[in-house]
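Within every chain, numbering begins at 1; the chains are lettered A, B, ... in the order of the sequence lines, protein sequences first and strands thereafter. Any value given below was found using the heavy atoms of this structure, including those in side chains, with hydrogens, waters and symmetry copies removed.
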Amino acid sequence: MNWNLPEWFVVTLARTISDREVVFHGFGSPCAQVAMHVARRTHAPNMLLIEGAMYAVNPAPPFVPPTSNDQALKYGAAYSMRFEEFFDAACRGEVDRMFLSGGQIDPYGNTNVTAIGPMNRPKVKLGGGGGGCNISATIRHLTLWTTRHRSGRTLVQECDFITDVGHRTPAGSRVDLGYTGGGPAHLVTELGVFDYGDVGRARLVQIFPDVTLDEVERSTGFELQVSPDLGTVPEPTEEELEIVRAVDPLAVHASEFDPSELDRTFTSEPAIA
Amino acid sequence: MNWNLPEWFVVTLARTISDREVVFHGFGSPCAQVAMHVARRTHAPNMLLIEGAMYAVNPAPPFVPPTSNDQALKYGAAYSMRFEEFFDAACRGEVDRMFLSGGQIDPYGNTNVTAIGPMNRPKVKLGGGGGGCNISATIRHLTLWTTRHRSGRTLVQECDFITDVGHRTPAGSRVDLGYTGGGPAHLVTELGVFDYGDVGRARLVQIFPDVTLDEVERSTGFELQVSPDLGTVPEPTEEELEIVRAVDPLAVHASEFDPSELDRTFTSEPAIA
Amino acid sequence: MFVDHDKVGDLPSAAARVSDGDMVALGGGLSARLPMALVRELVRLGRQDLHLVGSAHGMDVDLLVAAGAVAVCEESYVGFEQDLGLAPSYRRAAEAGQLEIRETCCVTILTQLRAAQMGLPFLPVRGVKGTDIRRMHPDYAEIVCPFTGETLVAVPPLEPDVALIHAPMGDRVGNLHLEQPYVLDEHFARAARQVVATVDRLATTEEVVATGVTIPGHRVSVVVEVPFGAHPTSCYPGYAYDRQHLAAYVAAAGQAQTAQDYLAEWVTRPGGEDAYRAALDQDRLDRLMSWSDTIEEWKELFV
Amino acid sequence: MFVDHDKVGDLPSAAARVSDGDMVALGGGLSARLPMALVRELVRLGRQDLHLVGSAHGMDVDLLVAAGAVAVCEESYVGFEQDLGLAPSYRRAAEAGQLEIRETCCVTILTQLRAAQMGLPFLPVRGVKGTDIRRMHPDYAEIVCPFTGETLVAVPPLEPDVALIHAPMGDRVGNLHLEQPYVLDEHFARAARQVVATVDRLATTEEVVATGVTIPGHRVSVVVEVPFGAHPTSCYPGYAYDRQHLAAYVAAAGQAQTAQDYLAEWVTRPGGEDAYRAALDQDRLDRLMSWSDTIEEWKELFV
């Protein structure tokens with residue numbers, strides 16, 4: 001059995017979803033998008049999958065197109081929510097999990113998708129946050145991810161701009177702010193997996209086997225905290241890999257990675273039946 | 001040409017509508033309902049007719065049923081508004097005219113459709129106001145009507161309960177209350193027609209020819225003010241009468257009247273061509 | 001949200017999801033698409049102290065009041081329009097001081113449901129100030145707009161424990177097709193803790209999707225097939241309302257004793273909802289279903 | 001509301017309903033159903049100082065920015081997703097400080113549109129507090145819930161002067177059929193002072209009604225038939241998006257000079273929108289329209 005890093009990454013994201021959860025991804029997030037379909041076809045058959053940008057409920061897309069607002073993504077759905085129907089539910093706390101990424105992510109899980117550098121003359125004007133700013137406050141759990149940990153510029157001590165809220169911002173904690181959602185539960189990167197412990201601060205809990213702790217440390221712009229139970233990211237199953245490939249025949253999810261990451265391939269012995 | 005009082009009443013209501021107005025009637029209001037269709041088929045071909053309870057836009061019902069929430073009333077409509085779509089437009093001031101009635105109506109055009117007597121132990125619990133309470137504040141013009149003026153209990157000095165707002169309530173004027181609608185423009189009764197002059201108080205401007213001023217005065221529970229230009233209610237045209245009968249073949253509008261009013265019939269000489 | 005794939009249940013256990021004292025939203029409006037089978041089943045179950053919410057209703061509220069099931073009534077209107085007049089049991093209970101009337105208004109109740117569905121602790125409305133509806137509601141408050149300084153009325157969220165919704169058609173997942181007007185049903189479905197649904201006919205998901213899903217299955221906790229579940233009110237495209245039956249009900253409800261006779265004859269008799277349906281005149285039902293044959297036949301139903 | 005029975009107009013006069021400095025809402029989202037023909041016409045008319053509002057957009061905003069038509073951009077996102085990346089002209093203008101970025105968020109803009117359509121001077125939102133989006137917006141305020149004491153963010157109504165909406169089909173009255181997702185188009189249509197619409201095809205009212213009216217004619221001030229009016233974005237069920245054209249645009253827009261070359265070649269060349277359409281590869285258009293023939297062919301469009 002062979003697989004590459006992007007496939008493993010998607011499977012790792014999928015495993016942050018529990019069965020019977022109501023789950024949403026934002027647009028322009030093919031890794032999360034594919035992960036949701038993988039989860040629904042494996043360990044979470046009763047999840048309610050809300051396709052980002054289409055707001056289609058439990059669709060069965062024949063392929064994942066490279067744009068999030070395409071009819072392929074509502075294929076087979078009995079129902080598509082209206083815009084307000086989804087966002088109202090998210091604000092009311094009826095959405096259990098959302099996937100969020102960021103050009104910058106701080107130790108508390110605040111994310112910046114607005115601008116690098118000062119806002120009046122940014123060094124890089126990023127695309128913007130879509131719906132995350134409001135609903136990161138109220139959705140029950142957030143799974144954060146980035147495919148650019150290795151750049152050293154993504155996990156930072158302080159975001160230049162906070163677009164979406166993590167566990168605490170300079171204005172206070174979620175409790176201080178009156179926010180009903182639980183904040184980030186996991187951060188998955190191309191180097192490993194973080195949780196947020198009891199105190200709402202990123203802590204490395206798993207690492208990919210081809211990555212060293214030193215590499216992670218060098219790539220992380222804030223002080224790296226490591227779980228005493230640090231382990232290796234569990235391998236994908238054959239079923240999961242098949243489903244990743246079936247869901248995303250165009251491998252759109254791979255477009256999130258620096259091309260060098262695609263060369264990271266892995267092999268395991270087939271289990272003897 | 002012969003007609004009866006209910007038909008004339010409907011035509012008189014219809015004539016309070018101007019062309020190109022957006023007009024709405026509440027449920028349980030067959031006189032207003034028929035009047036709107038008469039207006040649209042005669043002098044107001046470009047009005048936007050919103051059928052009460054169905055929120056159907058410009059329907060062509062084959063008949064008026066005795067209930068306001070029936071599919072006959074959206075027959076031929078290209079579009080029916082959602083509940084919130086109508087009420088939002090009404091609150092925003094995009095509806096030009098609404099027809100409102102009341103079990104009690106005071107000189108300022110406040111109406112009571114909630115209860116006669118004290119609210120904790122009413123003498124008569126009326127049905128309730130539907131949507132009038134909010135949107136009487138914001139709709140541009142109101143046409144009030146009652147078919148029970150003669151009872152002496154309908155036009156009163158003070159409503160036992162104010163459900164819908166007229167020109168001023170004990171809490172202040174429309175301006176004081178911040179209300180953007182213009183309030184009642186006309187009150188049509190089975191005895192005559194009132195306007196609200198410059199000061200927002202009912203003033204008799206027309207009288208039906210079989211009614212004396214003394215009858216109106218005896219039937220009115222507040223001091224009757226009469227316009228110096230008091231006239232007779234203009235007669236319906238043959239076209240208008242034909243349309244009343246075509247729109248409402250079951251004569252549902254007549255159910256609003258005390259049976260004795262149905263005996264009031266009128267005749268005019270046909271105009272010589 | 002309700003993620004199960006099969007939510008089909010039976011009427012008694014569906015209605016039993018309503019507990020004594022619950023806030024219950026009633027779908028439909030006036031004499032159209034009222035959840036009458038569920039209402040009758042609540043009477044059979046002897047539910048009481050209910051807090052009813054809705055916009056403009058009729059026989060559903062009146063029957064529950066007649067059965068002594070209602071403590072609070074928060075509707076914008078209860079009655080039978082010009083045609084059949086005031087709601088007799090509702091009126092009698094209100095006039096006897098046996099019913100707490102929290103009369104409301106369409107925009108207010110819509111706004112309160114919106115607050116619930118948006119997860120907000122209040123929303124503002126214009127209007128209501130200066131009326132006695134405002135004085136009747138200590139649960140409302142005042143709020144000053146931070147931009148304009150205007151004082152508006154603030155209303156709290158209204159989150160019904162259960163919304164009872166009848167639809168002409170639905171599937172086993174609880175996807176419901178409704179014909180317009182939807183009245184407040186979509187909002188009830190989004191604001192309530194759960195939706196208990198009846199449908200005249202269970203259909204395949206494909207058929208419901210082709211006709212149009214108005215309320216999605218993920219908002220529905222249970223769905224029950226009950227033919228003529230809205231009778232004697234209408235449920236288009238299936239059937240027009242049964243004006244004769246409604247008129248007979250209104251006449252019976254005019255006196256407390258004859259109201260109880262109606263309940264005994266039509267609602268609480270042995271056999272439950274099946275017995276109700278069996279007791280109806282089949283020719284009459286056939287006529288109500290054939291409303292679309294000709295305009296003339298349709299019109300005749302209202303004479 | 002717009003009560004005229006025939007609202008068909010031509011593209012230049014329809015686009016001319018947008019004045020310099022107007023707040024303009026853009027329908028559709030990302031690379032789907034963007035009102036591209038109207039956007040191109042605004043460029044041809046030389047409109048400037050526009051205040052754009054929308055949720056997540058792409059080439060519509062970028063092209064208007066490239067043409068120097070935009071003063072303020074109040075969107076939740078502008079870009080081409082993972083696939084084609086950041087929006088080049090938008091990014092360049094923002095980084096040069098030539099564009100006022102009032103970045104917003106889906107719920108906030110929805111709430112502001114709701115305030116406009118409900119005729120309210122403010123509405124509250126949860127969220128935003130604690131973010132730099134809040135700091136960027138002195139136009140927001142704080143409000144304390146009179147029931148719970150919670151401090152929320154109050155946002156003012158957003159009432160666009162014009163909403164530009166493209167639909168696959170509409171009638172002469174302006175009734176528009178859209179496929180889901182409607183994104184904010186329904187809200188734009190209710191909140192804006194007027195809707196200027198283009199349709200790929202004018203149809204009879206009967207056909208639009210049978211397919212489903214999403215935006216009613218009484219909200220639309222003018223409707224223009226413009227085949228491929230959303231190109232190079234998609235307009236289902238008519239056509240998928242033209243990824244090749246979009247990629248070529250993004251490449252061209254990467255430098256200020258080549259962005260101007262794109263405008264000269266595709267937008268401002270003589271002949272207006274007809275010339276744009278005539279310059280497109282007909283075989284490519286045929287393929288975009290045949291997306292529904294087989295899954296395989298559909299998929300190939302995205303390669």
Checking side-chain polar atoms at under 3.5 Å, does Asn46(A) have a donor or acceptor matched by the opposite partner on Asp19(A)?
yes
Where do Leu34(C) and His166(C) land on the side-chain contact (heavy atoms from CB on, under 4.5 Å) test, with the steps shown first?
CA-CA 7 Å; Leu34(C) 303 183; His166(C) 181 75; over 6 Å; no
Sort Ala191(C) into side chain, backbone, both or neither according to what part of it lies under 4.5 angstrom from a heavy atom of chain A.
backbone
Heavy-atom pairs under 4.5 Å with chain A are the metric here; pick the option from Glu206(C), Glu186(C), His5(C), Arg114(C) that has the most.
His5(C)
Polar contact flag, side-chain donor to acceptor under 3.5 angstrom, Arg17(C)-Gln194(C)
yes
For Thr169(A) and Asn110(A), which I'm curious about, is there any donor-acceptor pair between the side chains at under 3.5 Å?
no
What part of Ala90(A) is in contact with chain C, defined as an atom under 4.5 angstrom from a non-hydrogen atom: side chain, backbone, both or neither?
neither
